[in-house]
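Note sheet for the following structure.
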Amino acid sequence: MAEQLDTFTAAERQPIAQLREIMQVRKRGEEPLAFVHTYGCQQNVADSEKIKGMLAQMGFSFTETPEDADFILFNTCAVREHAEDRVFGNVGALKNIKRHHPSVIIALCGCMMEQEHVAQRIHDSYPFVNLLFGTHQIRNFPQLLFTCITDSRRVFARGGEEQDRKISEDLPTRRDGKFKAWLTVMYGCDNFCSYCIVPYVRGRERSRAPEAVLAEFEELVQQGYKDITLLGQNVNSYGKKPDRGTNFAQLLRRLDEVPGDYRIRFMTSHPKDCTHELLDVMAGGKHIAHHLHLPFQSGNDRILKEMNRHYDRAAYLELIHYAKHVMPDLSLTSDVIVGFPGETYEEFRDTVSLIEEVGFTSLFTFIYSPREGTRAAKMPDPVPAEEKSRWFQELCAAQEQIAAKRCACAVGTVQRVLVEEQNPKTGLLTGRTGGNIIVDFSGDASLCGTFQMVQITAARNWILTGELCG
Ligand code: SF4
């Protein structure tokens, strides 16, 4: 496959400068304001940070109040039906803002907008939306906005040919966090899990060059970021497409060698590509958090096959046992789907027994949501929603007990905690352990953004309390 690495060109940057001038004239020298709302996963958060970076270069400041904004953007998520319904509801509510403030530009982007039927519905039923662009068009955002404003017309830009879906390097980025940063290492997914829309809306796998990842990582460490999460739909298959000559374990080892005071995390991992080599690198790393988010989705082999997950229960548990063996302090988290089409109660109970066997710190649990265009959406799904809801409650109750037990085990230990903020109500500092567990403790606000050793004194469900070590 041809090299897809591509930097943001001078021609692509050109509209940024032009838009800066246009907005200055429009606002008569006042600062234009942008409201950007992000739905969904961390990849969407990382994409929004790039769009905000471009907006900042256009002269925009940011507001939390859409009524005050000159530019409103929703970066949307297609993973669940409920989230899509919420987006349509929230977009509908923008009609009023447009009525009172006709010059506001309303834009929609993200995974949801890559779907033909969604773009069509927005086009036909939401005439006040000025700009719509998909996940592959982020680098073209300045040109699209420029066209929208200067031609005074609606602009819709989605998809593009797979071979033209380049990796966009050097896009300006305005990071939301002061201590925590997202770093995308690969885009897209080739797995086609039968329930998932991601490969259709984010395209095939594309890994960034290791040198580009390393350069961005070093910059983040130099800028003082303390908690850096490597992102990708399936980070464990990093380096396969195009062939980077470096797999994810090797990339992680290279990053871990960068000197500094920081912690590395990564997500999301797919069990079929999770190797002992990766777990060994985690165990031996200086900066790698002993936290593994490894979605298992179901504990039943028939359902895993129907989901097209390419591993079975035994293979998943083997990985977990090895990971715990090399990292006894490992914190495990996962995603799980309840009520996949055709799942029986007995098959669902295999999921409960798996969570009991593993002992996850926390779980992201979802009731199956059909996504148009996926294989699972066409499967017979006889179990009523109320029944699935009961299973969901049963799973959550089991996990609550497991999480409480896991947290209780931390009492008496000393944890290295990244202090994130001071709670304005309680005055307590809040931080996270390497295992991503929240810890509350007394201390001075000046400690925010530093690592502190904290003696854990109590556990309340999934939150720990502690005392700063002298
Ligand atoms: S691995 Fe499966 S669930 Fe994850 S993004 Fe790819 S297709 Fe979707």
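The structure displayed is predicted, hence computed values, not measured ones. Just so it is clear, the values below take in all heavy atoms, side chains as well, and ignore hydrogens, waters and symmetry mates. Order of appearance sets the numbers: ligands from 1, and atoms from 1 within every ligand.
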- Message: Could you work out, with ring-ring contact (aromatic ring centres under 6.0 Å, His included) as the rule, every residue matching F340, not counting sequence neighbours?
- Response: Y368
Could you tabulate the donor-acceptor pairs under 3.5 Å formed by side-chain atoms of residues 288-297, not counting sequence neighbours?
unit_1, atom_1, unit_2, atom_2, d
H290, ND1, D329, OD1, 2.7
H290, ND1, D329, OD2, 3.2
H290, NE2, M282, O, 3.3
H291, ND1, R265, NH1, 3.4
H291, NE2, T333, OG1, 3.0
H293, ND1, T333, OG1, 2.8
H293, NE2, D335, OD1, 3.0
Q297, NE2, Y195, OH, 3.3

- Whether W391 and F348 hold their rings parallel, tilted or perpendicular, with breakpoints at 30° and 60°: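 The arrangement is parallel - the two ring planes meet at less than 30°.
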- If we ignore angles and hydrogens, is there a donor and acceptor under 3.5 Å between the side chains of K272 and N191?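 K272 vs N191: donor-acceptor pair found between side chains.
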- So, Q137 and T135: side-chain donor and acceptor under 3.5 Å apart, yes or no?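 Distance-only check fails for Q137 and T135.
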- Query: Out of curiosity, is R309 lining ligand 1, as in a heavy atom under 4.0 Å away?
  - Reply: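 Contact check R309 vs ligand 1: positive.
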- Message: Starting from atom 3 (S) of ligand 1, what is the nearest protein heavy atom, named by residue and atom, and what distance separates them?
- Response: Y195 OH, 3.5 Å
- Message: Taking side chain to side chain donor-acceptor pair (under 3.5 Å) as the definition, give me every residue that meets it alongside T147, ordered by chain and number, with sequence neighbours left out.
- Response: Q143
- From F366 atom CZ to I337 atom CD1, the distance as rounded to the nearest 0.5 Å: 8.5 Å
- Query: At distances under 2.8 Å, what protein N, O or S atoms surround atom 6 (Fe) of ligand 1?
  - Reply: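 Counting only protein N, O or S atoms under 2.8 Å from atom 6 (Fe) of ligand 1, the list reads C189 SG.
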